[in-house]
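Counting convention: from 1, in listed order, for ligands and their atoms alike.
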Amino acid sequence: MRKSSLRQVSVALALVTSLSLAATACGGTTKEDVAKEDASAAAGGKADPNAELKKGLTVGFLPKAVNNPYFTSADKGGEAALKELGSGYKEVGTSSATDTAGQVSYVNTLTQQQVDAMAVSAQDPGALCTALKQAMKNDIKVVTYDSDTKADCRNAFVSQASAEDLGRTEVQLLAEQIGYKGEIAILSAAQTATNQNTWIEFMKDELKDPKYKDMKLVKVAYGNDDAQQSFQQTQGLLQEYPDLKGIISPTTVGIKAAAQYLSGSKYKGKVKLTGLGTPNDMRKYVKNGTVEAFELWDPAKLGELAARTAVALVSGQITGKEGETFTAGDMGEYTIGKDGVISLGKPTVFDAKNIDQYNF
Ligand code: RAM
């Protein structure tokens with residue numbers, strides 16, 4: 001259903017307000033008051049679990065970066081679900097995962113285009129907040145997926161798995177491979193990425209357990225989800241720490257580039273590598289002995305759940321409050337957890353034994 005011209009005026013006004021707010025945001029109480037007001041506006045009315053799912057909606061997907069194959073899979077999952085639900089899909093986004101100004105302007109574009117909902121993977125936790133709040137004020141439902149913003153800047157976050165599980169299991173996987181001994185490093189994505197930073201905090205916490213007393217995290221490097229930068233960062237890590245025993249790369253772009261470097265170097269099979277990768281990217285490195293085991297979820301399922309969550313929000317089946325439940329098509333029933341987080345499920349660990357069963 002098309003929105004009225006009244007709404008167009010309010011969108012324009014909201015964007016102007018957003019700009020002036022951003023300019024005055026350093027002042028004390030005003031900012032907090034506005035945040036409270038926005039949070040209650042975002043919470044919306046009461047959920048009606050029996051509400052019919054609306055059709056003819058437009059949901060805009062805004063990934064961290066459009067040229068990352070992980071997001072191509074995720075967003076295709078969203079597109080297919082929207083088609084099945086009788087709604088439309090569009091994708092916009094920057095080609096770099098470190099262009100937060102670009103991401104902000106894409107949020108504003110989607111708001112101006114009056115989409116019904118947007119699904120956003122945030123490059124930075126805070127940078128998008130003002131723009132996302134304006135979208136919500138204009139009755140656009142905001143779902144983050146993959147990488148969150150702050151809880152009051154969106155209606156719900158569709159998380160790939162428990163952040164704690166992901167952080168801890170990656171350390172456990174690496175520890176087993178290096179015999180709980182030696183120097184390790186992390187090769188992350190962008191320095192501001194909400195998802196990677198959350199996982200890294202849990203990795204550091206896991207490493208405090210006495211069973212890891214002989215392991216030492218020597219560096220966190222950032223490859224910015226860029227293949228070349230990630231390759232060079234891996235090379236740099238081994239130059240700086242020639243005794244390095246293992247690398248955790250919690251990014252599909254990073255782990256692939258690191259595997260590529262290790263596989264062509266004298267460190268192949270000696271320096272262990274784990275983290276988050278797609279089976280299709282990593283298959284050859286598992287088969288040639290560079291990588292033993294790594295993990296991930298199915299990105300297409302993550303995109304599908306983001307799309308179904310967006311439609312359930314627009315239809316009023318859920319508002320994003322803890323305890324609400326909804327049925328995500330064939331994916332089954334989901335319950336909204338604390339802070340509006342919906343968790344896709346458990347990640348899968350891939351190794352030589354099972355990798356050929358997966359195709360994504
Ligand atoms: C990269 C991105 C994405 C992350 C995956 C694991 O593709 O950084 O945000 O979830 O890796």
**Report entry** Part of Tyr145 with heavy atoms under 4.0 Å of ligand 1, whether side chain, backbone, both or neither
**Finding:** neither
Query raised in the report: Near Lys64, which atoms of ligand 1 are under 4.0 Å from a heavy atom of that residue?
Result: 2 (C), 3 (C), 8 (O), 9 (O)
Query raised in the report: Of all the atoms in ligand 1, which lie at a distance below 4.0 Å from a heavy atom belonging to Gln160?
Result: 10 (O)
Query - 4.0 Å heavy-atom contact, Trp199 with ligand 1 - result: yes
Tabulate below the donor-acceptor pairs under 3.5 Å that side-chain atoms of residues 300-314 make, not counting sequence neighbours, or state none.
unit_1 : atom_1 : unit_2 : atom_2 : d
Glu304 : OE2    : Arg308 : NE     : 2.9
Glu304 : OE2    : Arg308 : NH2    : 3.2
Arg308 : NH2    : Glu84  : OE1    : 3.1
Arg308 : NH2    : Glu84  : OE2    : 3.2
Thr309 : OG1    : Leu305 : O      : 2.6

Query - Closest protein heavy atom to atom 1 (C) of ligand 1, given as residue, atom name and distance to 0.1 Å - result: Thr252 OG1, 3.3 Å
Query - Residues Glu206 and Tyr212: side-chain donor-acceptor under 3.5 angstrom - result: yes
Query raised in the report: Taking N or O atoms only and a 3.5 Å limit, does Ser121 qualify as a polar contact for ligand 1?
Result: no
Query raised in the report: Would a line drawn from the ring center of Phe61 to the ring center of Phe71 be shorter than 6.0 Å?
Result: no
**Report entry** ILVMFWY clustering at 4.5 Å (side-chain atoms), partners of Phe202
**Finding:** none
**Report entry** Single-linkage hydrophobic cluster, 4.5 Å side-chain cutoff, Met331 and Tyr358 together
**Finding:** yes
Query - From CA spacing to verdict: salt bridge (charged side-chain N to carboxylate O under 4.0 Å, His left out), Glu164, Arg168 - result: CA-CA 6 Å; Glu164 176 162 0; Arg168 296 195 191 283; 2.9 Å; yes
Report task. Among all protein heavy atoms, pick the one closest to atom 9 (O) of ligand 1 and tell me residue, atom and distance. Result -> Asp146 OD2, 2.6 Å
**Report entry** Heavy atom of the protein closest to atom 8 (O) of ligand 1 (residue, atom name, distance)
**Finding:** Asp225 OD2, 2.6 Å
